[in-house]
Visitor: 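What follows is a structure written as structure tokens; I'll ask about it next.
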Amino acid sequence: MNLSRLLQARASAGKPVRVALIGAGKFGSMFLAQVPHTPGLEVPIIVDIDRDRAREACRMVGWSAERIAATMFTDDGARAIAGGAMDVVVEATGNPAVGIKHARAAIAAGKHIVMVNVEADVLAGPLLAEEARKAGVVYSLAYGDQPALTAEMVDWARATGFRVVAAGKGTKYLPAYHDVTPDGVWQHYGLTAGEAQSAGMNPQMFNSFLDGTKSAIEMAAIANACGLDVPTDGLLFPPCGVDDLPHIMRPRSRGGVLERSGVVEVVSSLERDGRPVFRDLRWGVYVVLEAPNDYAADCFRQYGLKTDASGRFAAMYKPYHLIGLELNISVLSAALRGEPTGQAIGFRGDVAAVAKRNLRAGEMLDGEGGYTVWGKLVPAAASLRAGALPIGLAHRVKLKHDVAHGAVVRWSDVEFEPGNETVKTRKAMEAAFAAQH
């Protein structure tokens, strides 16, 4: 509630918050759109593999020619991080290996890191967050994205004395979506391939939203940041509108669908027959909480809160998220308060690669949203026991064995280079947090 005032003080003192942005895609562009309207915030360095595209993104979002001319555009992330008096590095590439590399470089340089790259966070975030804490810098989830918004609601519920029963987000989901490939993705968005191509939409990225992978990644990030449990056999994606959250998102023992209290879960905006859910939460986030006593339950009723029939379970929700348009909250929280907007505190959830069809030895996996695998949310302990291959490492690796449709791909099923830095980081995280399980 005081970030604006703190930023005004920095601006008045002539000490703006300076940010290095890595990745000028959609999320990064939305963040850049807000910079000229936020006195005291500057982005003097933008890193992108296509510098011309990054300049064009700045023009598209309304940057003046003078502001663009005063900005350094580079494709060298390591150099940009190491040099300059930057307060915060924003990692928005979406590439897990690159994200881990940039996060570690920022931490080594004594700079706060805001990890838009949730794929990297789920692959190694608990380890990166611990390294940042030891270095005295902030490692943070990105406000505006659903994991950080959900973590904020969980913190609000706990800080006000409520028990968190469930937390998560909404999405468009049907069971058949798990097997969808980039070739068939656009029909589910009501688009033709030509329309999507003319809009510059990446079919594999959009398919990762549809096939359940992105939901699994985001719920793992929430579980790890909030100390919540993960459903034993993956997300249920129950159809549920906002008015029904307290009824459906409660434990089975109390009439709901959850195996227990204190879990992450995603609600679908579609009924299983494809009909739209009434008052769906497709773009939003929620938390279901439980009244600690009869008095609090009476207050729920007196103040019009939607509850289940018992009056003890209630829900709060935020219907929308604005991704990069809201990222300033993370940047300023790190720079001005030294606090993250969500940060992994343990390794509770993981995302395992699952075969979309019968896969044969010799085939190459093509990662999230592709033709070969989708990402399934699993408890971290179960992932470690099974030796499951994380979805973040299921990119351009060759299968050594056949894997049946619907089966989890394991480390032992693929050829990988033990000396690869991303593999080494992931293995180090597994070893560091195995004792938790």
Side-chain angles (χ1 to χ4, degrees), residues 1-24 27-47 58 61-73 80-92 102-103 105-116 129 132-145 147-156 158-160 225 318 320-343:
M1 295 180 187
N2 63 352
L3 287 176
S4 177
R5 180 182 60 79
L6 291 173
L7 183 60
Q8 288 173 7
R10 282 283 292 261
S12 298
K15 297 179 180 179
V17 173
R18 293 164 60 86
V19 179
L21 171 66
I22 306 178
F27 201 116
S29 295
M30 293 177 78
F31 166 62
L32 293 173
Q34 299 303 102
V35 171
H37 311 288
T38 314
L41 179 66
E42 295 182 358
V43 182
I45 300 175
I46 298 175
V47 182
C58 291
V61 302
W63 277 32
S64 66
E66 294 76 16
R67 185 181 291 270
I68 293 172
T71 302
M72 181 176 119
F73 294 86
I81 292 169
M86 296 300 110
D87 298 288
V88 180
V89 174
V90 172
E91 216 298 335
H102 288 152
I107 292 166
K111 296 175 173 62
H112 305 307
I113 176 76
V114 174
M115 189 62 91
V116 176
R133 285 191 288 269
K134 289 179 179 177
V137 296
V138 173
Y139 172 96
S140 178
L141 295 176
Y143 200 89
D145 227 351
L149 297 180
T150 306
E152 178 185 50
M153 296 190 78
V154 169
D155 184 66
W156 165 84
R158 288 172 171 164
T160 49
K318 193 171 190 174
Y320 302 105
H321 68 294
L322 295 177
I323 61 170
L325 297 180
E326 300 182 82
L327 185 62
N328 284 2
I329 301 300
S330 289
V331 170
L332 300 181
S333 182
L336 304 178
R337 283 179 169 156
E339 292 181 355
T341 51
Q343 179 191 84

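Bear in mind the structure is a predicted one, so any value in this text is a computation, not a measurement. Keep in mind that the numbers below use all heavy atoms, side chains included, and drop hydrogens, waters and symmetry copies.
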Visitor: Looking at Gly324 and Phe27, what are the two nearest heavy atoms and their distance?
Guide: CA-CE2, 3.5 Å
Visitor: How many angstroms lie between atom CG of Leu336 and atom CG of Asn2, to the nearest 0.5 angstrom?
Guide: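 Interatomic distance, Leu336 CG to Asn2 CG, rounded to 0.5 Å: 9.0 Å.
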Visitor: Specify the closest pair of heavy atoms between Ala103 and Met115, including all atoms of both residues, with the distance to one decimal.
Guide: CB-CE, 3.4 Å
Visitor: State, to 0.1 Å, how close Ile81 and His102 come at their nearest heavy-atom pair, and which atoms those are.
Guide: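 Result for this residue pair: CD1-O, 3.6 Å.
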Visitor: Show the nearest heavy-atom pair for residues Ala148 and Ala142, with the distance to one decimal.
Guide: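 Nearest pair, atom of Ala148 first, then Ala142: CB-O, 3.3 Å.
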Visitor: About how many Å separate CE of Met30 and CD1 of Ile323, when rounded to the nearest 0.5 Å?
Guide: 4.0 Å
Visitor: Do you know the tightest heavy-atom contact between Ala151 and Gly342?
Guide: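 Nearest pair, atom of Ala151 first, then Gly342: CB-CA, 4.4 Å.
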Visitor: Output every pair passing salt bridge (charged side-chain N to carboxylate O under 4.0 Å, His left out) with a member in residues 322-341, not counting sequence neighbours, ordered by first then second residue.
Guide: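 Sorted pair list: Lys318-Glu326.
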Visitor: Working to the nearest 0.5 angstrom, can you tell me the gap between Leu141 CG and Thr150 OG1?
Guide: 10.0 Å
Visitor: Evaluate the side-chain proximity of Leu332 to Leu6: yes if any heavy-atom separation is below 4.5 Å, no if none is.
Guide: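 Heavy-atom side-chain distance check fails, nothing below 4.5 Å.
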Visitor: Rounded to the nearest 0.5 Å, what separates atom OG in Ser333 from atom CG in Asn328?
Guide: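 If I round to the nearest 0.5 Å, the distance is 12.0 Å.
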Visitor: Cys58 and side chain to side chain contact (heavy atoms under 4.5 Å, CB included): which partner among Leu32, Val43, Thr71?
Guide: Leu32
Visitor: Return the CE to CG distance between Met153 and Asp155, rounded to the nearest 0.5 Å.
Guide: 11.5 Å
Visitor: Would you say Leu149 and Tyr143 make side-chain contact, with heavy atoms under 4.5 Å?
Guide: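 Side chain of Leu149 against side chain of Tyr143, heavy atoms only: contact under 4.5 Å found.
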Visitor: If you measure from CG on Asp87 to NZ on Lys15, what distance do you get to the nearest 0.5 Å?
Guide: 11.0 Å
Visitor: So, do Met86 and Pro44 sit near enough that their side-chain heavy atoms are less than 4.5 Å apart?
Guide: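 Of all side-chain heavy-atom pairs linking Pro44 with Met86, at least one is under 4.5 Å.
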Visitor: Under the rule for side-chain contact (heavy atoms from CB on, under 4.5 Å), what residues qualify as partners of Pro39, not counting sequence neighbours?
Guide: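 For Pro39 there are no side-chain contact (heavy atoms from CB on, under 4.5 Å) partners, ignoring immediate neighbours.
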Visitor: So, for Val138 and Ala132, which heavy atoms are closest and what is the spacing to 0.1 Å?
Guide: C-CB, 4.5 Å
Visitor: Is any side-chain heavy atom of Phe31 less than 4.5 Å from a side-chain heavy atom of Val116?
Guide: no
Visitor: Are any of the side-chain heavy atoms of Val114 and Val88 separated by less than 4.5 Å?
Guide: yes
Visitor: Would you mind reporting whether Trp63 and Val35 have side-chain heavy atoms less than 4.5 Å apart?
Guide: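 When only atoms from C-beta onward are counted, Trp63 and Val35 do touch, with a gap below 4.5 Å.
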